[in-house]
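Just so we're on the same page: letters track the sequence lines, and every chain starts at 1. The analysis underlying the following values was restricted to heavy atoms, covering all of them including side chains, and did not include hydrogens, waters or symmetry mates.
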Amino acid sequence: MSDPLLDSLNPEQRAAVTLPHESALILAGAGSGKTRVLTTRIAWLIQTGRVSPHGILAVTFTNKAAKEMMTRIAAMLPINTRGMWVGTFHGLANRLLRTHWREAGLPQSFQILDAQDQLSAVKRLLKSLNIDTEKYEPKKVQGYINGHKEAGRRARDADAHDEYSMQLAELYEAYDAQCQREGVADFPELLLRAYELLYRNEPLRQHYQTRFRHILIDEFQDTNALQYRWLKLFAGRDTALFAVGDDDQSIYAFRGANTGNMLEFEREFAHGRVIKLEQNYRSHGNILTAANALIERNLHRLGKSLWTADGEGEPIRVFEAFNDQDEASFVVDEVKALNREGTALSDMALLYRSNAQSRVLEHALFTAGVAYRVYGGLRFFERQEIKHALAYLRLLTHPEDDGAFLRVVNFPTRGVGARTVEQLADAAAHAGASLWQAACTASGKVAAFARLIEGIKQATAGLTLAETIDHVIEASGLADHYRADKDGADRLENLNELVNAAALFSEEAEDDTLDAFLSHAALEAGEHQAEPGRDALQLMTVHAAKGLEFHAVFITGLEEGLFPHEQSAHDERGLEEERRLMYVAITRARRRLYLSHAQSRMLHGQVRYGFASRFLAELPDAVLLPLNRRTATRDTPAPPVPRAAPAGHGTGYRIGQCVAHARFGTGIIIDFEGRGPDARVQVKFGDAGTKWLALAYAKLSPA
DNA sequence: CATATTCTCTTTTTT
DNA sequence: AGAGAATATG
């Protein structure tokens, strides 16, 4: 029997899509059609009448993935998908809490704190309790709180044995109390609250457990402890869980993702029903050979090996540059050549381990006139001018929000300084009231601010969302402030863009209240720099590249200390995660892959000398094509000789030079100090690390 | 109270 | 190098 949904699937994919009503784990390698299987499964379940859209819960990690899933399902099924719950963990938790806010113990219009907001809330708490921020760093406290929430632990469940941990637990408790008082919830709180809601509320739990007959989870390897418990709670006796993931692509362990959930899931739910999707439809053979060889070095994995029906394809090109600039110019040349041969710029990606590395690359691209687009960095709803405008809006709908109050009480400056705010905070604390309430009974400039907000509230009653925001931007003085600022043009434009975003939101969303828009802003921070339509080279970190694919991929900065990053290279777990990251990077490429490293590069304002990444050595030589120094032609500049590094005051050594030591082996001179008999050099050795050596004693020889 | 200056800290990041 | 925060100065 032929079914158009299933015809184009391979046997494993088809088996996964048509699994009976039981839980199962799908181990889906990179490029094996993971999303396709997930969406086809949903379409198949509905089309064959096994479940109505109402009985489906599909969870992803990013908004992008959720949208993609919706689009694909809609393309396969000509029915309305309204009743289906498809979204991110946080989006779905938010939906649940908005519906059952009373049972969850939240105010109806509770606000969501993003990571920035949360950090300032923590700082504010520490300040109000007179806590030494040297000893209890705000970031650490935030990490502590989130760590516990993500493990499903409240302050009372935190183990506190010594003074330090007891204090942390108390801070956690006080922080939650502050949030409750102000009617706000941070990201992990959304999940924990939703979890507790269902956990404690039997009828509600039963309702959802009966309703969702199929729960499907994407990128299962990225779930943390709380998310896993969350899923278990939603699953009733008759619910089938369909988890799709790839342990080899787990790159978020550093923020709590637990690959162990996959093993746990297999034991608890799948009972051995595991389907491996190993046929890769993306990359040519050599690229997969390299990826497989690399990932096999990891000991902690479920085991899986990609293969392709395509040919070997081209070898992987490896380039060693003198320095970061040389590397960048190599990339530019290759990109231009590929582009001339017909590859669209947008089908090529430039990947790096950390955002800071993009600068040099951008500079070279800009100079060469190559269009490019950088992903990452500040996103729309995270910009300060946008956050200011949103804070005014939050104050309108939810005056108890002290965080919002503090953000804008003196922005634009209206003569309310730190001193005044402190007094206000004292008054509020005494009266057990919010800053807003205290402000309403105050006099002078604070009272003027309160009148301003009241005035805006009245003036915007009955206006549409976009009109309201427009009014707020003008009446608050934000617009004037940025108009007066000579560098404010961009910010002003962004504020206009916010009004447009609101208008668009009103058109698309079912619920276009101010509260809904604010949730939207917090949960979906917005595209990075939406500038579609233009053909541009894609620049991003390896993390940001997960889930994407390109004709040609450049992985740059393959040096020890950078990739693998030195922070992670010390322990086995960190190193395995770095290796998975490299695996993700390699498997982004369809046809052509470039790996480059530089002998030296500017880092934190100074030149650093590094060795080639160990990951390069872990790839089989047979698939690599070392590109020797480009043959200098008339129009290429002479190869940059390691720049006239400060000579070692006539000692015959210079920075950047390779030397050999009887005991430590070979290394590179990275610093120089003193002169004459006291002269010392700092040498970075391959195995022995970095050492200061006195030239008078150490027997060094040029290598 | 607002603005200029110095100091500090730099992995990855979604929600 | 460069941003953001803490701190000194007008």
For atom [atom1] of [X] and atom [atom2] of [N], their distance in whole Å:
| X | N | atom1 | atom2 | value |
| --- | --- | --- | --- | --- |
| A:Glu566 | B:dT12 | CD | C1' | 14 Å |
| A:Glu382 | C:dA3 | CD | P | 17 Å |
| A:Lys387 | C:dG4 | NZ | P | 13 Å |
| A:Ile251 | B:dT14 | CD1 | P | 10 Å |

(request) Would you check if the side chain of A:Asp511 reaches a backbone N or O of A:Ala516 as a donor-acceptor pair within less than 3.5 Å? (result)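 Here the side-chain-to-backbone pair does not exist.
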(message) I'd like to know if the side chain of A:Glu327 reaches the main chain of A:Gly557, judged simply by a donor and an acceptor atom lying under 3.5 Å from each other, with no hydrogens or angles considered.
(response)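 Such a contact is found between A:Glu327 side chain and A:Gly557 backbone.
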(request) Using heavy atoms to find the nearest nucleotide of DNA chain B for A:Asn63 and A:Ser568 separately, return the residue whose nucleotide is more 5′. (result)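 The 5'-side residue here is A:Ser568.
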(request) Would you mind telling me which residue lines up with the more 5' stretch of DNA chain B, A:Thr413 or A:His565, judged by nearest nucleotide? (result)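 This one resolves to A:Thr413.
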Report which part of the nucleic acid [X] touches: base, sugar-phosphate, or nothing (heavy-atom distance under 4.0 Å, all strands).
| X | value |
| --- | --- |
| A:Ala544 | nothing |
| A:Tyr252 | sugar-phosphate |
| A:Val542 | nothing |
| A:Phe254 | base |

(request) Answer yes or no: is there an ion pair linking A:Arg72 with A:Glu68, defined by an N-O contact shorter than 4.0 Å? (result)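 Here A:Arg72 pairs with A:Glu68 in a salt bridge, since their nearest N and O are under 4.0 Å apart.
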(request) Quick one: list whatever passes salt bridge (charged side-chain N to carboxylate O under 4.0 Å, His left out) with A:Glu219, sequence neighbours left out. (result)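 Testing A:Glu219 for salt bridge (charged side-chain N to carboxylate O under 4.0 Å, His left out), a comparison that skips the adjacent residues, returns A:Lys34, A:Lys546.
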(message) Check this one for me: any side-chain N or O of A:Asn224 less than 4.0 Å away from OP1 or OP2 of B:dT14?
(response)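 For B:dT14, neither OP1 nor OP2 has a side-chain N or O of A:Asn224 closer than 4.0 Å.
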